[in-house]
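Here the structure is laid out as structure tokens; the discussion comes afterwards.
The sequence lines fix the lettering, A, B, ..., with proteins before strands; numbering per chain opens at 1.
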2 protein chains.
Amino acid sequence: MYPLLKKYLSGDISITDEQFNAACNVFHLKTTKRNEVLVESGDISRYMYFVNKGCLRIFLLNTDGKESTRFLVPEGRFGTSFPSFILQEPSLAYVQSVGPSELLMINYDDFRRLTDFLPGWEKAYRNNLEQDYIDSIKRIESLITTSATERYALLMKDNSDLIKMLPTKIIADYLGISRETLSRLKKRV
Amino acid sequence: MYPLLKKYLSGDISITDEQFNAACNVFHLKTTKRNEVLVESGDISRYMYFVNKGCLRIFLLNTDGKESTRFLVPEGRFGTSFPSFILQEPSLAYVQSVGPSELLMINYDDFRRLTDFLPGWEKAYRNNLEQDYIDSIKRIESLITTSATERYALLMKDNSDLIKMLPTKIIADYLGISRETLSRLKKRV
DNA sequence: TTAATTTGGTGACAAATGTCACTTATGGCT
DNA sequence: AGCCATAAGTGACATTTGTCACCAAATTAA
């Protein structure tokens with residue numbers, strides 16, 4: 001069961017089925033519908049979600065009703081409103097499944113205790129954090145150094161699968177531009 | 001010596017002078033001049049720098065010669081070209097000290113081994129990573145959700161000390177806008 | 001299947017920001 | 001102290017992007 005999760009939790013070293021099963025006890029399966037909201041803005045994000053199938057979206061809603069996508073979490077990765085989950089304080093962002101999804105959720109205390117079951121987790125978690133941080137640095141760089149056109153071209157090159165499966169409006173607010181602007185970029189590029 | 005570093009390395013638990021001294025052996029003091037470049041784009045960033053005095057700046061240089069500041073590292077924090085250091089691959093960014101600074105540098109292998117000397121480091125490092133990641137998420141949010149005017153107002157509120165000590169052009173490319181635009185914002189806000 | 005809703009595209013115009021050229025002010029260095 | 005290089009400010013104009021209104025296409029839900 002859940003080979004993606006097992007791979008993710010193992011890190012460098014392989015873990016036994018017993019160890020993995022013990023860890024699995026603290027994960028709960030949640031099946032979501034399209035556009036289902038898992039965390040509302042203002043809630044404390046109590047769970048970390050592993051995307052076994054589907055895709056999560058973390059987004060902000062400003063006072064004018066405009067949405068901005070902070071992150072997209074593809075299959076095989078953990079995601080949640082990270083600042084809220086880690087600090088256990090109210091979330092600015094919403095967490096939503098963009099399509100019908102299969103999530104494995106784990107609460108804060110269990111997440112912090114994962115290391116008790118899983119010998120490789122301490123290091124694997126640190127590596128994942130480092131990689132997520134690096135990804136976010138690259139996102140910052142693209143936002144401060146490139147125009148919308150370049151950002152779209154880059155996303156198309158690196159994440160063409162995301163572009164294919166997600167509606168334009170989500171891609172647009174992930175890039176930090178309006179739907180209309182993206183619509184026009186598509187013609188030019 | 002170096003109370004700021006000791007505090008940072010300790011994390012939650014206090015460490016003894018002996019433990020700290022052992023750790024100190026792998027740090028080397030470097031005194032830099034204003035605008036001194038520590039890592040060139042294309043180099044592998046071999047050191048993590050602890051800012052004991054002064055301020056570091058991590059910036060990108062595009063083909064037109066325009067600079068963009070990815071991060072500013074204040075006193076009492078670690079900084080380097082993080083993706084390059086962690087992955088030990090060539091850096092896109094430059095690392096520079098904005099004023100005369102006092103840095104404590106540690107090479108990659110020693111950094112990875114810090115945990116051998118310091119009982120609290122594993123956890124402290126993870127906490128710092130989480131916090132740095134959260135900070136970068138907030139930066140992404142401000143870049144995708146707010147206008148230049150709002151970003152400047154927010155920076156002035158949260159980091160007025162940085163604004164005071166750094167030249168306008170650095171603040172401008174940290175915000176991802178041109179010097180001229182920032183100049184005009186200052187009058188309006 | 002159909003009706004309703006959502007999404008995507010486009011024109012016209014507005015607003016924000018960038019670019020260039022130039023002047024003034026500042027601050028580092030000898 | 002004084003010179004020089006760098007930084008900051010500003011006007012005019014170009015470019016990019018956003019906003020609004022509207023229609024077409026696609027997708028969802030009944």
Problem - Base of dT16(D) paired with side chain of Arg151(A) (donor-acceptor, under 3.5 Å) - result: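 Answer no: no donor N or O sits under 3.5 Å from an acceptor.
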
Exercise for the section: Look at the side chain of Arg184(A) and the base of dG11(C), then say whether one donor and one acceptor between them are separated by less than 3.5 Å. Expected result: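 Looking at the base of dG11(C), it does pair with a donor or acceptor on the side chain of Arg184(A) (distance under 3.5 Å).
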
By nearest atom, which of the nucleotides [options] is closest to the [X] side chain?
X         : options                  : result
Glu180(B) : dT19(C), dT7(C), dG9(C)  : dT19(C)
Pro167(B) : dA8(D), dG18(C), dG8(C)  : dA8(D)
Lys66(A)  : dT19(D), dT17(D), dG8(C) : dT19(D)
Lys169(A) : dG9(D), dG8(C), dA7(D)   : dG8(C)

Using atom [atom1] of [X] as one end and atom [atom2] of [N] as the other, report the distance to the nearest whole Å.
X         : N       : atom1 : atom2 : value
Ile177(A) : dA16(C) : CD1   : P     : 18 Å
Arg179(B) : dA21(C) : CZ    : C1'   : 12 Å
Lys33(B)  : dC29(C) : NZ    : C1'   : 12 Å
Leu185(B) : dT10(D) : CG    : C1'   : 14 Å
Tyr152(A) : dT17(D) : OH    : P     : 14 Å
Leu166(B) : dA8(D)  : CG    : C1'   : 15 Å
Asp173(A) : dG8(C)  : CG    : C1'   : 15 Å
Met165(B) : dG27(C) : CE    : P     : 14 Å

Handout entry: Main-chain N/O of Thr80(A) paired to Ser45(A) side chain as donor or acceptor, under 3.5 Å
Key =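 Side chain of Ser45(A) to backbone of Thr80(A): no pair is present.
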
Practice task
Ignoring backbone atoms, test whether Ser147(A) places a side-chain nitrogen or oxygen under 4.0 Å from the OP1 or OP2 oxygen of dT16(D).
Solution key: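 For Ser147(A), the contact criterion (side-chain N or O under 4.0 Å from OP1 or OP2 of dT16(D)) is not met.
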
Practice task
Considering just the side-chain nitrogens and oxygens of Lys187(A), establish if one lies under 4.0 Å of OP1 or OP2 belonging to dT10(C).
Solution key: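 Looking at the OP1 and OP2 atoms of dT10(C), one of them is under 4.0 Å from a side-chain N or O of Lys187(A).
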
Exercise for the section: Measure from NZ or CZ of Arg57(A) to the centre of the six-membered ring of Tyr174(A), then state whether that distance is under 6.0 Å and the direction lies within 45° of the axis. Expected result: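 Judged by the rule, Arg57(A) and Tyr174(A) form no cation-pi pair.
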
Practice task
For Gly176(A), answer base if it contacts any base atom (sugar-phosphate contacts may also be present), sugar-phosphate if it contacts only those atoms, and nothing otherwise; contact means non-hydrogen atoms under 4.0 Å.
Solution key: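 Sugar-phosphate only.
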
Practice task
Give one of base, sugar-phosphate or nothing for Ser183(A), where a contact means two heavy atoms less than 4.0 Å apart.
Solution key: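 Here Ser183(A) touches the bases of the nucleic acid.
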
Exercise for the section: Using a strict cut-off of less than 4.0 Å between a Lys/Arg side-chain nitrogen and an Asp/Glu carboxylate oxygen, indicate whether Asp173(A) and Lys66(A) qualify as a salt bridge. Expected result: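 No salt bridge links Asp173(A) with Lys66(A).
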
Problem - Side-chain ion pair, Glu180(A) and Lys187(A), N-O less than 4.0 Å - result: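 No, no charged N to carboxylate O under 4.0 Å.
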
Problem - Upstream residue (5' side of DNA chain C) when Leu182(A) and Arg34(B) are each assigned their closest nucleotide - result: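 Checking each residue's closest nucleotide, the 5'-ward one belongs to Leu182(A).
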
Handout entry: Position toward the 5' end of DNA chain D (nearest nucleotide), Asn35(B) or Thr181(B)
Key =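 Nearer the 5' end of the strand: Asn35(B).
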
Handout entry: Close aromatic pair by centroid cut-off 6.0 Å: Phe20(B) and Phe27(B)
Key =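 No, too far apart.
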
